[in-house]
2 protein chains.
Amino acid sequence: MNIGEVAARTGLPAKTIRYYEEIGLVSPLRDVNGYRAFRESDRHKLAFLARARALGFSIEDCRALLALYEDDHRASADVKRLAERHLEKIEEKIRTLEAMRETLSELVEACAGDHRPDCPILKGLSEEDQSAPSTGVA
Amino acid sequence: MNIGEVAARTGLPAKTIRYYEEIGLVSPLRDVNGYRAFRESDRHKLAFLARARALGFSIEDCRALLALYEDDHRASADVKRLAERHLEKIEEKIRTLEAMRETLSELVEACAGDHRPDCPILKGLSEEDQSAPSTGVA
DNA sequence: ATAGTCCTTCCAGCTGCTGGAAGGTCAAGG
DNA sequence: CCTTGACCTTCCAGCAGCTGGAAGGACTAT
């Protein structure tokens, strides 16, 4: 299988697949012409990665998940721990975004949105009394 | 005011303030010794930026907001449009993250998390029948 | 004079790709 | 045999938004 077919079948851009090879997530063979030759197992790995990435796992998490996936003697506890930590990060991000939404939607609602310069949004952003809210978002 | 004081009073790291100067968001004066000399107006701008960033606005959005803030003849409609577009992006991100949380928490719950290798999380990630979910997340 | 804390610039690196240039390879058609 | 076009290759640069560190100057207190 050439990279184009793998890309089509996994939904990953060819560029991304090359990048994953570069960082050692997959190691396709090479044809004599220099083209990457993907085995079924490579394609399978890449599909796994695509799904893990779609769930928001970092590349390093994906690497760990893949290692666990390929380890017959893994303990499901290790996988679960990883997933739980990730779940917490997602929930944290959701909370941060919801706080932003809350504040922002209040400001937006208060704004007339007409030709005049008076604007509660700008006013809210320039108010001195609130210390800069630290969202801790990455 | 030196950078240290501004950093302490805005909550922004000095490094970030230097970066904001580099990209033209603020233009502090310079003392004869080469130190940045921040005016009240600079500090105010930086506090504005800190709050806008905390609401998740991109740097370019912040630049636009700052320009509107300093334009006495702005129309609040312009500010509102910008904020609404950003609000939509936030909501989109929340939806994406909630979908991740949904899937992930199901997998986590299904996983025994013990010493055995059987793991619904890894199984879920390796299943072929579902095409790689496209979350459209950035 | 010295120590310690500030400040300066510059360069490199983080995540996870993505775009583009310059060029090799292959299959089909004339 | 030659060309066209679609594929593939490598390499280099860039995105956002900082962050860390090195190397060195400036200021304050003793």
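Because the structure is a prediction, the values reported are computed rather than measured. Numbers restart at 1 for each chain; the letters A, B, ... are given by sequence-line order, proteins then strands. These numbers come from the heavy atoms of this one structure, side chains and all, not from hydrogens, waters or symmetry mates.
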Please answer whether the main-chain N or O of [Y] pairs with a side-chain N or O of [X] as donor and acceptor at a distance below 3.5 Å.
X	Y	value
A:R51	B:L125	yes
B:R74	B:L68	yes
A:N33	A:Y35	yes

Q) Residues from residues 19-41 of chain A sitting under 4.0 Å of DNA chain C, heavy atoms only? A) A:Y19, A:Y20, A:N33, A:Y35
Can you check the [X] [atom1] to [N] [atom2] distance for me, whole Å?
X	N	atom1	atom2	result
B:I17	D:dG17	CD1	C1'	15 Å
B:K93	D:dA16	NZ	C1'	11 Å
A:L49	C:dT15	CG	P	16 Å
A:L46	C:dG16	CG	P	16 Å
A:F57	C:dC17	CZ	P	15 Å
B:N2	D:dG25	CG	P	19 Å
B:R63	D:dG17	CZ	P	10 Å

Q.
I need the B:I90 CD1 to B:L55 CG distance, nearest 0.5 Å.
A. 7.0 Å
Q. So how far is it from A:E60 CD to A:R63 CZ, rounded to the nearest 0.5 Å?
A. 4.5 Å
Q.
Suppose we screen for salt bridge (charged side-chain N to carboxylate O under 4.0 Å, His left out). Which residues come up paired with B:D78, at least two apart in sequence or across chains?
A. B:R81
Q) Taking only side-chain nitrogens and oxygens of A:T16, does any of them come within less than 4.0 Å of OP1 or OP2 of C:dG16? A) no
Q. Counting only side-chain N and O atoms of B:R53, is one of them less than 4.0 Å from OP1 or OP2 of D:dC18?
A. yes
Q) Is a donor-acceptor pair below 3.5 Å formed from side chain B:K15 to base D:dG17, judging by atom type as modelled? A) no
Q: List for me each residue that meets ring-ring contact (aromatic ring centres under 6.0 Å, His included) alongside B:F48, sequence neighbours excluded, and say none if there are none.
A: B:Y69
**Q.** Nearest-nucleotide pick for B:R18, side chain only, options being D:dT19, C:dG16, C:dT8
**A.** C:dT8
